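Worth saying up front: this structure is predicted, and the values here are computed from it rather than measured. For the numbers below, each heavy atom of this structure counts, side chains included, while hydrogens, waters and symmetry mates do not.
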Amino acid sequence: MKKSLCILLILTMVFTFAYADADVNAVYQGAAQFIQKSIPDPTVSSIGGEWTVIGLARSGADISQDYFEKYYVNLENYLKSKNGILHDKKYTEYSRVILALTAIGKNPENVCGYNLLAPLADFENTVWQGTNGAAWALIALDSKNYEIPKDSENIATRDMYVEKILSLQNRDGGWSLNGGGSSDVDVTAMALCALAKYQSRSEVENAVNAAVLFLSESQNESGGFSTYGVETSESVSQVICALCTLKISLKDARFVKNGKTALDNLMTFYDNNGAFYHTSDKSGSSQMATEQALCAISAVKRFNENKNSIYDMTDVEKNFDILESTGLQSRNSDITKQNIICEKTFADIADHSSRLQIEALANRGIINGKSNEIFDPDSNVTRAEFAAIISKALGITKTSEISFYDVAQSDWYYNAVSVCCNYGIVKGISENEFNPDGFITKEEAAVMIARGAALCGFESTYSEDSARDILAAFDDYITVSDWAKNSLAFCYEKNILPISDIEINPQTNATRAQIAVMTYNLLNFANLL
């Protein structure tokens, strides 16, 4: 009887941990092939760019060096076109590129003359993104033990980044983007990757132990993890990378739920053609999900082979070309803004970040202030007000008959609502009600803007996967309503909405300043200014 129980236990263990090394190797090769075929020309991007390069380079797959050279050339061209500025707010862009360059043996201290490490010496700007900013800066700097440049006015140190991450840890052991609020599995995993190297410090060790406990308690019975209540492959991929970086086996009892490991869960998203699904309903494979999964599988493979962790790239041989310039340039933090000579302005926007856009529209009669002196940039916008703004901006005037019981011909906004309804820019909230005084949300505004762009002849339709991949750069993308995903993806891809945002906040009411910026950017994109 005891012998039978032992045999049963052994068989249970064998089939519980379903994915052996051979399976992992087959899957990572399939994912690597899929990504190379999907992204033949990687460029600077969070999707189809650096994560593609990092995953492929760290996987050990047989990748032609020419593939990585394509990325490097594209990066050089992009930097030249942007005067060395990858982003004026999101410094994780620099961290991500540094990791990609390090993974392929290139020198981030001199890419066509630009030192991409320099921005990470600016502590305040780097941590503007909260936990993510500090964590990825530390991961990037430690990937090859880079020295932090000393020519910045606000010199950062590794200790400062460690302390910043620790200061943002929540009581439950996890991390959110900016501290407080609900802890997020993905952000927690990223913080752990950053802190792994510093566990000899007692305060870091305690923080790591608390975070590991948080992840263990957050693991679902399926072995996976959820973000905003939805189980995604990206979340389990991030956790796998963190556990492998911490040298914690995926078969550790703390991370086996209902007989399933995190790797078992990740494989349920695999479509057997090399791609991975974003969610468990398998509604469509995702480029972003596949790139993150390849990184996770590469982390597992490296762990199993006792190699450096995925972000410890001290094992990568240098592959520097002849330097193109004799001197290095630091990032130029002085961004030249468009000079608009304005006659019309408002006292309360003198120091506002949207002043130029507001003034440009006000001088064209597209937008008005609350008075001659006051614009009130932070107040909300009603549906009627936005109908008036967008109809003036696009110069559309043809009306149609409308029969909303709450819009009378005597109302100041009757013609604007009629025009927008006629051109399909806006609809009522029901067949008979428009709700003119209701505040417009950010995602509603994006829908109207996208419809306006369509009138100008621009294609604003994306596949479900493409829209999701664009929005996935934001922490709360999963909260976007299905009917608004296409429009928000369009607005972010075309820079109608600022990509410097950390979160979309789709259901928040849009402010007058935000509407002014969106309208201005639409007109600028359509060459109507």
Salt bridge (Lys or Arg N to Asp or Glu O under 4.0 Å) with [X]: which residues, sequence neighbours excluded?
X: D62; value: none
X: E305; value: K301, K307
X: K144; value: none
X: R58; value: D315

Mind checking the [atom1]-[atom2] spacing from [X] to [Y]? Nearest 0.5 Å is all I need.
X: I470; Y: E493; atom1: CD1; atom2: CD; result: 4.0 Å
X: Y91; Y: L86; atom1: OH; atom2: CG; result: 10.5 Å
X: L266; Y: S237; atom1: CG; atom2: OG; result: 4.5 Å
X: T227; Y: I478; atom1: OG1; atom2: CD1; result: 6.5 Å
X: C193; Y: I139; atom1: SG; atom2: CD1; result: 5.0 Å
X: Q65; Y: K70; atom1: CD; atom2: NZ; result: 12.5 Å

Where is the tightest heavy-atom contact between I104 and A57, given as atom of each residue plus distance? CG2-CB, 4.1 Å
Going by atom types alone, do [X] and [Y] pair a side-chain donor with an acceptor below 3.5 Å?
X: T261; Y: D264; result: yes
X: N110; Y: N115; result: no
X: S233; Y: Q292; result: no
X: Q238; Y: E234; result: no
X: T290; Y: Y277; result: no

Any residue meeting side-chain hydrogen bond (donor to acceptor under 3.5 Å, both in side chains) with E93, in chain and number order, not counting sequence neighbours: R96
Which residues pass the side-chain hydrogen bond (donor to acceptor under 3.5 Å, both in side chains) test with N495, not counting sequence neighbours? none
Partner set under side-chain contact (heavy atoms from CB on, under 4.5 Å) for [X], not counting sequence neighbours:
X: Q129; result: K90, T92, I502
X: N145; result: K197, T314
X: E443; result: T441, V480, S481, W483, A484, L488, P506, Q507

Determine, step by step, whether Y146 and T102 satisfy the side-chain hydrogen bond (donor to acceptor under 3.5 Å, both in side chains) criterion, reporting the C-alpha distance in whole Å, the side-chain angles of both residues, the deciding distance to 0.1 Å, and the verdict. CA-CA 10 Å; Y146 292 114; T102 307; 2.7 Å; yes
Donor-acceptor pair, distance only, cut-off 3.5 Å: does the side chain of [X] make one with the backbone of [Y]?
X: R254; Y: L215; value: no
X: N258; Y: K260; value: no
X: E50; Y: S45; value: yes

Between [X] and [Y] (judged by ring centroids, cut-off 6.0 Å), do the two rings come close enough to count as a pair?
X: Y477; Y: H278; result: yes
X: W136; Y: Y311; result: yes
X: F68; Y: Y71; result: no
X: F276; Y: Y270; result: yes

Please step through side-chain contact (heavy atoms from CB on, under 4.5 Å) for the pair L177 and D184, ending with a clear verdict. CA-CA 8 Å; L177 193 63; D184 181 79; over 6 Å; no
Sorted by first residue and then second, give each salt bridge (Lys or Arg N to Asp or Glu O under 4.0 Å) pair with at least one member in residues 201-213; sequence neighbours left out. D159-R201
Yes or no on side-chain contact (heavy atoms from CB on, under 4.5 Å) for V44 and N74, after CA distance, side-chain angles and deciding distance? CA-CA 7 Å; V44 181; N74 287 335; 5.8 Å; no
Given S226 and E231, is the side-chain hydrogen bond (donor to acceptor under 3.5 Å, both in side chains) satisfied, shown in steps? CA-CA 4 Å; S226 300; E231 190 170 273; 4.7 Å; no
Evaluate the criterion side-chain contact (heavy atoms from CB on, under 4.5 Å) for residue pair I63 and Q36; output intermediate values, then yes/no. CA-CA 9 Å; I63 310 296; Q36 286 186 86; 3.1 Å; yes
Let me see the working for I54 and W51 under side-chain contact (heavy atoms from CB on, under 4.5 Å), right down to the final yes or no. CA-CA 5 Å; I54 294 166; W51 292 119; 3.7 Å; yes
Go through it in stages, so that I can follow the logic: the residues are D378 and T511, the test is side-chain hydrogen bond (donor to acceptor under 3.5 Å, both in side chains), and I'd like the CA-CA distance, side-chain angles, deciding distance and then a yes or no. CA-CA 5 Å; D378 299 320; T511 67; 5.1 Å; no
Among N220, D186, N265, which residue satisfies the side-chain hydrogen bond (donor to acceptor under 3.5 Å, both in side chains) criterion with S235? D186
Summary of side-chain hydrogen bond (donor to acceptor under 3.5 Å, both in side chains) pairs that have at least one residue in residues 207-217, sequence neighbours excluded: none
Among pairs that include at least one residue of residues 164-203, which meet ring pair (Phe, Tyr, Trp, His ring centres under 6.0 Å), considering only residues two or more places apart or in two chains? none
